Number of protein chains: 2
Amino acid sequence: MPKGVTKRRPRTRAALLQAALECFAEQGFRAASIEQICESAGYTRGAFYSNFNSKEELFLALFDAHSEQLLDRMTTLIDSTELTLQGLVDALADIEPAERDWYLVTTEFTLHAIRDPQAAAALAQHDAQLRAALARGLTHCLTRAGRTLTVDADELARLLIAVREGGLAQSYVEPEQLPPGQLERRFLPGVLTAFTTEG
Amino acid sequence: MPKGVTKRRPRTRAALLQAALECFAEQGFRAASIEQICESAGYTRGAFYSNFNSKEELFLALFDAHSEQLLDRMTTLIDSTELTLQGLVDALADIEPAERDWYLVTTEFTLHAIRDPQAAAALAQHDAQLRAALARGLTHCLTRAGRTLTVDADELARLLIAVREGGLAQSYVEPEQLPPGQLERRFLPGVLTAFTTEG
DNA sequence: CGCATCCGATACGTCTATGCATCTGATACG
DNA sequence: CGTATCAGATGCATAGACGTATCGGATGCG
């Protein structure tokens, strides 16, 4: 641990990350300038270059922070003793307003990952953790409901995530036509019974 | 019809669109420079500004061209007399290699649409047409197979599209782990029986 | 309370993309 | 075959983002 100041740095770093989220969501990664982010955070570029080496590094840090937080929420939800199937569906279908910004940022990060193997590796790792947690929750709830999967749990988790991401895209393009979470509520229960069998 | 040249213009326009597809796919809309696109097409920026007013206009034209072409393929497929349910699933699951570039570009356009109401309107219209075609094909095939839908056809079409888009994202991030089309092949048949009833 | 250290601000130079204004050469028509 | 017109090339001026090098001020410790 360095001698000097220990309170300022984390605060400005957090402020920059928060501002980056908003700016990236609003304008996209490439269009958002470092200066805009700093201004929005109440700092100058000096602060930025003191905390990050490049806009890409900031992007990755932002994604990492979000992934970790998301995984935490997911695992605590799944390890809660009273989790039902409906509860799991609800968790997937309840989309908070703040989710929109994250959708924009993570989707752009996905596009970046498709182009850049290094980012792809990072994304794949986070996705695998999330999928594993979801798969574990699924088997857990299903067995408790007296049903067993007829397909691979991990692959079913992939399907659920695909529905969620694909559904969010449609919802955010035309919120009036498709409220966020509607696809999940309408179809997931049926899907879960379709790919399980009693006992 | 103008007097002057009639053959050069369409050719360079097409070349610019094709080059734009490649550059946008490779680098993203904002990162790809007009100059790169022109160079890749074998022209200079003079040609570009003669055919388009801005990079955004080019982007929109590219998206429009692709949408129209996609809708054409879809409708001819659906109106083919011998289309079976399996044929429809296959059509959704068979992902050509060229699809990757289009995925990158259209997904970026979707992000753009989420931010810009005008683009959202254009995207929503194209999506609605595609969904309508798909819904028509679904009901058509299902009734011929002696089954009737228990859910709204348009909403089911939304689900299929969500699965496809969400699945493509995962496939392109880790092609080794999830071959394109695998989710569709594994799950769509079961989904289609789950949300239909005999007779 | 004084001081060393580190954080963030300021100022500068550089580079790249853009858009326009002008020019040249190709095309279609008389 | 000559010519008017238009597509596309060339050159330049501008703007904005980036990165660094340096400076000032706040912080925590002795």
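Predicted model only: the values in this text are computed from it and were never measured. Each chain gets a letter, A, B and so on, in the order its sequence line appears, and its residues count up from 1.
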task: Please state how far atom CZ in B:R11 lies from atom C1' in D:dC6, giving the value in whole angstrom units.
output: 16 Å
field: B:Q177 side chain to B:Q170 side chain, donor-acceptor N/O pair below 3.5 angstrom
entry: no
- line: For residues 109-131 of chain B, the salt bridge (charged side-chain N to carboxylate O under 4.0 Å, His left out) pairs (sequence neighbours left out) are A:E108-B:R115, A:E174-B:R131, B:R131-B:D154
- prompt: Nearest-Å distance, CG (A:N51) to P (C:dA9)?
  reply: 10 Å
message: Whether A:T12 contacts C:dG8 is assessed here as follows: a side-chain N or O lying under 4.0 Å from the phosphate OP1 or OP2. Is that the case?
response: yes
message: I need the OH-C1' distance between B:Y43 and D:dC6, as an integer number of Å.
response: 15 Å
query: Under 6.0 Å from the NE2 atom of A:H66, do we count more than 12 heavy atoms belonging to anything else shown?
result: yes
field: Nearest-angstrom distance from the residue atom CD of B:Q27 to P of C:dT16
entry: 14 Å
- line: Testing C:dA28, D:dA9, C:dC7 for proximity to the side chain of B:K7, the answer is C:dA28
For nucleotides 17-19 of chain D, give me every protein contact, N/O to N/O, under 3.5 Å, one pair per line with atom names.
residue, atom, partner, partner atom, Å
D:dC18, OP1, A:K55, NZ, 3.3
D:dC18, OP2, A:I34, N, 3.1
D:dC18, N4, A:R45, NH1, 3.4
D:dG19, OP2, A:Y49, OH, 2.5
D:dG19, O6, A:R45, NH1, 3.3
D:dG19, O6, A:R45, NH2, 3.0

query: Salt-bridged, A:D90 to A:R185, with N to O below 4.0 Å?
result: yes
Check: residues 22-42 of chain B side-chain donor-acceptor pairs under 3.5 Å, at least two apart:
residue, atom, partner, partner atom, Å
B:E22, OE2, B:Q18, NE2, 2.8
B:S33, OG, B:Q36, N, 3.0
B:Q36, OE1, B:S33, N, 3.1

task: Report the distance from atom CZ of A:R8 to atom P of C:dT5, rounded to the nearest whole Å.
output: 16 Å
message: Can you measure A:E39 atom CD to C:dG8 atom P for me and round it to whole angstrom units?
response: 17 Å
task: Give a yes-or-no answer on whether the side chains of B:R9 and B:S50 include a donor-acceptor pair shorter than 3.5 Å.
output: yes
